[in-house]
Amino acid sequence: MKKILLIPTLLVTLVFNGATTTTASADPVIDEQSHSSPSWSPNASAQTPTWFKEINLNNSNSSFKDNTLNNEGSSIQYNFVHKEGNQLSEKELLPFITGEIEVLEDENNHKSHLVAIGTSNSNGQTQTDFYFSNIKDAPISDIKEYATEVAQKNYNANENFKQDYTSINSYSNNAIVAAVPSGTNYIDTFHWIIYSDQEKLTNGNFVVAGFIDSTVTYTKQGTATINSKNVSVWDMKASTQTRPVNSYQTRQIASRHTIEPYVPDQRLLSYGPTTTKTGSNFSVSLTGGFPSISWNFSRDSVDVTDTGSLSTGYGKWTFDFPLGKTVAKGSFLMEPGIRITNETGMVKFQHSHSGYYYKNLSYQGNGVSGLVSRSFNDL
């Protein structure tokens, strides 16, 4: 029997406010004459694209299933589903998920709330955006504005969504084979909005300080025998970009990619980069089980401190930015990675991020994501 593999692309957006990360003890010296980060705020007068369909589940006339599955033929549509900033239930989420996703508390009890979902279709493949917040009353205007930006990028990249549409329900877990072949790729894109802890707009909403966008690619290299055990070998690469706005600067970005809860069924073979505070590039080399895979990414005066642990099963990095420099005021790409093994069943990963954005001693923006767990079919 021929096996059919359906691989979704999932995008996840989280919104932060009021969390705590490392902060500066004194007001740093900043070049006030150099350019500042661009402004960003919801534009109430902006016209929503005709293909952007908003579904408010607090409206009794809205049906989550009926509205999102009514895309047939060459329909051009992005479905934005929400409950006015309130959390969506697992039951409402289920028709959109292939594989599994969990949002968990981290060691400091930080946890985000799922407040909206966006879906579109390209070449018979459902693309899903998950929008999260760690505050109960997330401004739906902010989430919708950012969802519109994300949807427009998807719209442009996927030839205006003009492909044959397949029902979202066809992408259920039951449609995916238990074992997936070598070369299988899964992709998640996570989007975080980080708010200022203190600065507010005239309407009382917090000012957005920055964005973190992370595209995570999971690649199955194949199966191998390691320590007398037959295992699959997976590489994970996280392409994470910080983008400060509203005159804030990136001060620090931290990320942790782990399989720690799944040891000993899964084990970490290698990760990178290691601590780097000199040179022009960061270097990553993933080794073990299969030929090594390596890449570099620009350092540009940013320092990274590696506090990962092979034995415990996680890679953890803290990127420190020099305030007043162009790199702190603009976008910057970080690309850490890990290689892991899996002995049985689904392969699982956990991700967490934090961002610290700085304007002055009075205004900073700190955000912590909590844990996002992703599981995919493997063996």
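One is the number of the first residue; the rest follow in order along the sequence.
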On a heavy-atom basis, which atom in Phe349 and which in Tyr262 lie closest, and how many Å separate them?
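Here Phe349 and Tyr262 meet closest at N-CE1, 4.0 Å.
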Can you name the nearest heavy-atom pair linking Ser37 to Lys329, along with the distance?
CB-O, 3.5 Å
Polar contact flag, side-chain donor to acceptor under 3.5 angstrom, [X]-[Y]:
| X | Y | result |
| --- | --- | --- |
| Asp306 | Tyr271 | yes |
| Thr250 | Thr242 | yes |
| Asp265 | Thr344 | no |
| Gln241 | Asp213 | no |
| Thr312 | Glu260 | no |
| Glu149 | Trp40 | yes |
| Asn56 | Glu54 | no |

Tell me whether the NZ or CZ atom of Arg256 lies within the 45° cone about the ring axis of Tyr314 and under 6.0 Å from its centre.
yes
Between Leu269 and Thr287, is any pair of side-chain heavy atoms under 4.5 Å apart?
no
Is there a side-chain contact between Ile293 and Lys237 (heavy atoms, below 4.5 Å)?
no
Do Ile253 and Leu333 belong to the same hydrophobic cluster, where Ile, Leu, Val, Met, Phe, Trp and Tyr are linked whenever their side-chain heavy atoms lie under 4.5 Å apart, directly or via other members?
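Different hydrophobic clusters.
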Can the ring centroids of Phe52 and Phe80 be said to lie less than 6.0 angstrom from one another?
yes
Check for me whether the distance between the ring centres of Phe332 and Phe297 falls short of 6.0 Å.
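Centroid distance Phe332-Phe297: not below 6.0 Å, so no.
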Could you tell me whether the side chain of [X] and the main chain of [Y] form a donor-acceptor pair under 3.5 Å?
| X | Y | answer |
| --- | --- | --- |
| Ser369 | His353 | yes |
| Tyr186 | Asn377 | yes |
| Trp192 | Gly355 | no |
| Thr219 | Gln221 | no |

Glu199: which residues meet the side-chain hydrogen bond (donor to acceptor under 3.5 Å, both in side chains) condition with it, sequence neighbours left out?
Tyr248, Lys359
Between Asp303 and Lys277, does at least one N-O distance fall below 4.0 Å, as a salt bridge requires?
no
Test Lys220 against every option in Asp378, Thr184, Asn185 by the side chain to side chain donor-acceptor pair (under 3.5 Å) rule and name the one that passes.
Asp378
May I have the step-by-step check of ring-ring contact (aromatic ring centres under 6.0 Å, His included) for Tyr363 and Phe206, ending in yes or no?
CA-CA 11 Å; Tyr363 295 144; Phe206 285 97; over 10 Å; no
What orientation do His257 and Trp317 show, parallel under 30°, tilted 30 to 60°, or perpendicular over 60°?
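Correct class here is tilted.
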Find the distance between CD1 (Ile226) and CD (Glu343) and round it off to the nearest 0.5 Å.
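One finds 10.0 Å between CD1 of Ile226 and CD of Glu343.
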Only counting residues at least two apart or in another chain, list the ones meeting salt bridge (charged side-chain N to carboxylate O under 4.0 Å, His left out) with Lys83.
Glu92
